[in-house]
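Reviewing the structure listed below.
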Amino acid sequence: MPLISTDNNFLTLINIFTVAPENQQQLVDLLIAATADVQKITGFISASLHRSIDGTKVTMYAQWKSIEDYQNMRANPTASPYLEKALTIAKFEPGMYEVVETFLPND
C-alpha cells in the first residue's frame with residue numbers, strides 16, 4: 001500500500017502513458033506483468049496503476065526507497081523489455097517527485 005507522507009524520503013514516480021483507447025487494456029496488462037517482476041527488486045515500496053475513463057491514458061504511481069534503488073531497477077534487465085514493448089503502443093512521460101504536503105478531511 002502506498003505510504004504518502006512528508007516524513008519519509010521515498011522517491012515517488014508518477015509515470016503517465018498516453019495510448020490509443022483500443023490499446024489501453026494491453027498496456028495495463030503489460031504494466032501489471034512488469035510490476036509483478038519489478039516488485040521483487042530491492043528498494044521497491046509500492047505501485048498503484050490507474051487508467052483513464054476515456055481510455056487514452058494509463059498512470060503508474062510508484063514509490064522506491066531511494067533514487068539509487070530506482071536506478072538499479074532501471075539497469076536491471078528484468079525491467080527493460082516491458083518498457084520497450086510499452087513504447088511501441090504508448091508515449092511515456094516519466095516524472096520523479098517528492099511529497100510536499102498531504103491533506104485529510106477535517107473531522
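The figures that follow rest on heavy atoms only: side chains count, while hydrogens, waters and symmetry mates do not. Note that the structure is predicted; figures quoted are calculated from it, not measured.
Y61 meets the ring-ring contact (aromatic ring centres under 6.0 Å, His included) test with no other residue; sequence neighbours excluded.
The cluster map of Ile, Leu, Val, Met, Phe, Trp and Tyr, joined by side-chain heavy atoms under 4.5 Å apart, puts M60 and L87 in the same cluster. Under the 4.5 Å side-chain heavy-atom criterion for Ile, Leu, Val, Met, Phe, Trp and Tyr, M96 and V99 are members of distinct hydrophobic clusters. Under the 4.5 Å side-chain contact rule for hydrophobic residues, I67 and I45 do not share a cluster. Hydrophobic clustering (ILVMFWY, side-chain heavy atoms < 4.5 Å, transitive): M73 and L83 are in distinct clusters.
Listed by first and then second residue, the salt bridge (charged side-chain N to carboxylate O under 4.0 Å, His left out) pairs involving residues 43-65 amount to none (not counting sequence neighbours). Contacts classified as side chain to side chain donor-acceptor pair (under 3.5 Å) and involving residues 3-24 (residues at least two apart or in different chains) are not found. Among pairs with a residue in residues 27-45, those fulfilling side chain to side chain donor-acceptor pair (under 3.5 Å) read Q25-D29, D37-Y82, at least two apart in sequence or across chains. Pairs passing the ring pair (Phe, Tyr, Trp, His ring centres under 6.0 Å) check and including a residue from residues 2-52, sequence neighbours excluded, read F17-F92, F44-W64. The ring pair (Phe, Tyr, Trp, His ring centres under 6.0 Å) analysis of residues 21-43, with sequence neighbours excluded, yields no pairs. Counting only residues at least two apart or in different chains, side chain to side chain donor-acceptor pair (under 3.5 Å) contacts with residues 66-77 comprise S66-E68, S66-D69, Y70-R74, N76-T78.
Taking CG from L49 and CG from L31, the interatomic distance works out to 5.5 Å, rounded to the nearest 0.5 Å. Interatomic distance, CD1 of I14 versus OG of S48, reported as 10.5 Å (0.5 Å rounding).
Membership of an apolar cluster is not assigned to I53, as no side-chain contact below 4.5 Å to another ILVMFWY residue is traced. The hydrophobic side chain of F103 is isolated, with no ILVMFWY side chain under 4.5 Å apart from it.
Across all non-hydrogen atoms, the minimal contact from A79 to V38 is CB-CG2, 4.1 Å.
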| request: Tell me, with the steps shown, if L13 and Q63 meet side-chain contact (heavy atoms from CB on, under 4.5 Å). | output: CA-CA 6 Å; L13 302 166; Q63 293 176 306; over 6 Å; no
